[in-house]
Amino acid sequence: MTADFLKDLNPVQLQAVKCVEGPELVLAGAGSGKTKVLTYRVAYLVSIGVPLHNILCLTFTNKAANEMRTRINKMLGVEESGKRSYGSWIGTFHSLFGKILRVESKRIGYDQNFSIYDEDDSLRKVKEILRERNLSEDVYAPAAIRARISKLKNSVILPSQFEQSAKSRLDEVTADVYTTYEDRLKKGNAMDFDDLLIKPILLFNRDREALDKYQNRFRFLLVDEYQDTNRAQYVLLKLLAEKHRNLCVVGDDAQSIYSWRGAELQNILDFQTDYPNCKVFRLEQNYRSTGKILKAANSIIVHNKRKLDKELWTENLDGEKLTVIESENDRDEGYKIVQKIRDESIKDKLQLKDFVVLYRTNYQSRALEEAFNRGGIPYVIVGGLAFYKRKEIKDLLAYLRLVVNPLDDESFIRAVNFPPRGIGDVTIEYLRDFAADQGTSLFNAANRAGEIGQIQQRQRGQLRLFCGLIEKYSRLKDGLSLSELTRTISDELQVIRLLKEEGTPEARNRIENIQEFLVGIAEFQSDNPQGTLQEFLSEVTLVADVDRWDTQRNAVTLMTVHAAKGLEFPVVFVSGLEEGLFPLPAKEQDELEEERRLFYVAVTRAEKKVYLSHTRERYRFGKLSFQTPSRFLSEIESNLLDRERSSRQTAQRALWEATGTFSQLAPSLDHVDGATEEEAAKQPEHKEGRSIPKLKVGSIVHHQFFGDGKVIDMLGKGDNERVVVLFGANQKKQLMVRYANLRLVK
DNA sequence: TTAATTTGCACCTAC
DNA sequence: TGCAAATTAA
């Protein structure tokens, strides 16, 4: 193939792409074509004869990975036959090393079907251990201990090492809990997120042969967002790159915003000393933002001390000044943002998806959401409570996890009393004692409940039924497809019927979530015909909410600044720019500098226009508190700012208040919290929205997985519209029209 | 054992 | 304010 695609690179980008051998550091400012360099570099490597499977490309989110995979496939002219066929070499650290661990599990004493614990699961384990030791949760906050353990693991400090360096009583307790925690996870054939990074290190250190294999396989390493790597990721890269030394990292120290989960800014600051003969390229030309936005961003970041030298410039037009909006309170802030979006979308012919509203903390989304509902502007919230963390979904997942890995005690505890079977804390405690005594799992203990004297007859019966159920599903799992199995479980547990009986809005919401979950499984299956249950479970645990974000939908996006990293929008609103909120209270200089980088990230998302919003008063902890403008606002050169003062209540706003109260009574607005993308946009789709077929009872439709079927019933309306479709002889499915991607056949 | 009620705390982000 | 844990009643 020819490499004439290289002509759309600027000189520095071109050099960075064509530098093939040896370590390479690409310092890429915001909007300077970082992703472009990475994708073009992969394409270039392939064009000079490097086989794709010799390239490993690591990103921080699945979204970034998918985007790059698509772009690269396109450049290489690779057909996208089944999303994954050419994609095994690109992904997040966690997912790729998770896959390697599945293959190599035996070498580190794990079974191939290990469970992956999320933070909630780990936290439960930590609590369990503290309780066993009679340690007060008031003195030893479980969440703090869990965070410390996670930090230790991210820093590649093993329990034995930490034990020796323990200085305080808290250290001793942490060391003790850490040791037991590791032991429990191993016994339960489970790993937490951090294990997915630290276990490969242990494997490679211990097993030369394994390291050799992967060093040879991944002869070219590319890493995105290098400034956000932690110690474990750093060590992992060092090990893999040792032999061929072809490590190319791309990042921007000014955008390092994850120190709280162990990211070490030092990694990127030290790259040149770690790899002395490395080539360094600086991408300083910005293609995204207007001149004024860029000047403002630069004037913010100069206030930081700890950084590499770099100043972004652009050939783009100067553009408009940044507008500072002052509001009376958080409600007023929402109102003003909604008004601005209305005006601008008409005036500048912008679509709703061109706007994003950013905030520092998730709770701020509530007030904004209310404003969007009242204003009738479709919106999408990204983040918040991730889909797969919702109770009803985790409960169902617990069954699947237990079927795959019967040693998984956390999943046992979840599943055994869902729906309620009269198995409570007391019975669990008896099972725990027995299991500990026999050195076995809770599931095994439950199977032998007859041998445990303290357990009541009634509970024994229930446990027997439960174990029978799990065993039945284990037998069924090879005969049924993934979605059939899940549907069988959810049908037999009668979860939907039980929720229907509850009849509350929350219950209805849960039913919808469960239905969406079932559709999600069907989609996974059609994307991955060979995909196993265990692969589905890993994927589910490792997706972020941004990954599920549908960028095609024509709605305003609401998200945290963290979630917005790597994204761009024509118009950006940064809300809540007040002391104590953005920046959040910082104890140390480093923390304040990270808040400033976060603000820098927020501003540099914008292409054309930035609004910076702050309020005089805001509800915090349920009561009104006085707010002062963020120091960051005064750090921006004042000739770049326009200020819009808070004005007294206008007639227009009074009308808004009145209609707002009124429309709150309307049934379509009766949901309050926990809203995310699937329930958020209450308005009909605008012109650009995904085309949704007009269905009626009797229509023949095609589903990519289930095939052709006949619509026999329709429920709900708007975004909640669902259809019951009869596929084949008697396979009835209820699908959400918005997600099922049905094609109207007749 | 569970459901109902009160209390207590958080508003720090996410693979 | 809004949720989760703790406490009490049934």
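Convention: sequence-line order gives letters A, B, ...; per-chain numbering from 1. It should be emphasised that the depicted structure is a prediction, and the values quoted were computed from it without experimental measurement.
Nearest heavy atoms, S575(A) versus Y359(A): OG-CB, 3.6 Å.
The environment of F418(A) atom CZ is dense: over 12 non-hydrogen atoms of other residues, nucleotides or ligands sit within 6.0 angstrom.
Taking the P atoms as reference points, dT13(B) lies 14 Å from dA4(C), given to the whole Å.
Contact annotation: T61(A) does not reach the phosphate of dA14(B) (side-chain N/O to OP1 or OP2, under 4.0 Å). Checking the phosphate oxygens (OP1, OP2) of dA5(C), a side-chain nitrogen or oxygen of K127(A) falls inside 4.0 Å.
Remark: C1' of dT13(B) and NZ of K389(A) are 11 Å apart, rounded to the nearest angstrom.
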Between protein and nucleotides 1-3 of chain B, what N or O pairs are separated by less than 3.5 Å?
unit_1 : atom_1 : unit_2  : atom_2 : d
dT1(B) : OP1    : T427(A) : OG1    : 2.4
dT2(B) : OP1    : G422(A) : N      : 2.8
dT2(B) : OP1    : I423(A) : N      : 3.4

Could you run through nucleotides 4-12 of chain B and give me one letter per nucleotide, 5' to 3': B if any protein heavy atom sits under 4.0 Å from the base, S if only the sugar-phosphate is that close, - if neither?
------BBB
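A search for side chain to side chain donor-acceptor pair (under 3.5 Å) contacts involving R102(A) returns Q534(A), S538(A), not counting sequence neighbours.
Between Y619(A) and Y363(A), the distance from one ring center to the other does not fall under 6.0 angstrom.
Counting non-hydrogen atoms under 4.0 angstrom, K565(A) reaches nothing in the nucleic acid.
Cation-pi geometry between R596(A) and F599(A) is not met at under 6.0 angstrom from the ring centre and within 45 degrees of the axis.
L542(A) has its side chain within reach of L196(A): a pair of non-hydrogen atoms, C-beta onward, lies under 4.5 Å apart.
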